[in-house]
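Take a look at the structure below.
Note that the structure is predicted; figures quoted are calculated from it, not measured.
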Amino acid sequence: MSGLEHARTPHLRAGVTAAVVTLVLDQASKLWLLYVFDLANRGAVRVTPFFDLVLAWNVGISFGWFQSDNQLAQLALMAIKAVAVIVLGIWMARSSTLLATLALGLIIGGAVGNGIDRFLHGAVVDFALFHIEIGGKTFNWYVFNLADVAIVAGVAGLLYDSFLGVPAAKAP
């Protein structure tokens, strides 16, 4: 057994699968909404009384923070994201629990999906909008995409695993 195989966790395949499935579903949904459904020309599409499909180009980071369409800023965000994905990949390869490995796979797949958007379009393609009307006033959530959902689910999985998961066996 090589040193690399020895360093791998038994759950690594599941984490890589989660990353790839997340990436494929994220990119397929965005490509379909952009080029088949043509969301840009349709405008906001009401799906339910509390959910719309809308096209939003996010040039910032999570939740639209640090908005900048400056090319240097975009390159810096891509570089930071690339380093983060490498660090998360190393963490995933060393992870000892299935939940943490899957969670890291979701985060990696989502980060790569949004990174591809930033590379191809100069911004992340967001399209899902939840909203509620209370007393005649509409409250909107941030516009997001499937990659964002995977990242949030992955972080939730990591938090659950860290605080409530089965403790790892201690070495003798």
Carefully, step by step, assess F127 and N145 under the rule side-chain contact (heavy atoms from CB on, under 4.5 Å).
CA-CA 6 Å; F127 58 83; N145 59 45; 3.5 Å; yes

Could you see if [X] belongs to whatever hydrophobic cluster contains [Y]? Use Ile, Leu, Val, Met, Phe, Trp, Tyr and a side-chain cutoff under 4.5 Å.
X	Y	result
I86	L88	no
F144	I132	no
L39	W57	yes
L33	V149	yes
F163	W91	yes

Heavy-atom neighbours of F119 CZ exceed 12 at 6.0 Å
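No, CZ of F119 has 12 or fewer neighbouring heavy atoms, counting only those of other groups under 6.0 Å.
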
Please check if the number of heavy atoms outside F130 that lie under 6.0 Å from its CZ is greater than 12.
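Buried by this count: over 12 neighbours within 6.0 Å.
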
If I take atom [atom1] from residue [X] and atom [atom2] from residue [Y], how far apart are they, to the nearest 0.5 angstrom?
X	Y	atom1	atom2	answer
L55	N41	CG	CG	10.0 Å
D38	W32	CG	CH2	10.5 Å
L23	L106	CG	CG	12.0 Å
I90	L104	CD1	CG	12.0 Å
E133	T138	CD	OG1	4.5 Å
I107	L102	CD1	CG	11.0 Å

Tell me, do N58 and N114 make a side-chain contact under 4.5 Å, heavy atoms counted?
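No, too far: nothing below the 4.5 Å cut-off.
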
Is L53 close to R42 at the side-chain level, that is, under 4.5 Å between some pair of heavy atoms?
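Counting from C-beta outward, R42 and L53 never come under 4.5 Å.
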
Identify the heavy atoms of [X] and [Y] that sit nearest to each other, and give their distance.
X	Y	answer
A100	D161	CB-OD2, 3.4 Å
S29	L146	OG-CD1, 3.5 Å
V125	L34	CG2-CD1, 3.9 Å
T22	G110	CG2-N, 3.5 Å
L129	W141	CD1-O, 3.1 Å
V143	A56	CG1-CB, 3.9 Å

Go through the steps for Q27 and D117 under the test side-chain contact (heavy atoms from CB on, under 4.5 Å), then give the verdict.
CA-CA 8 Å; Q27 288 298 297; D117 289 1; 3.1 Å; yes

Run the side-chain contact (heavy atoms from CB on, under 4.5 Å) check on V45 and F37 step by step: do they pass?
CA-CA 11 Å; V45 176; F37 190 71; 3.9 Å; yes

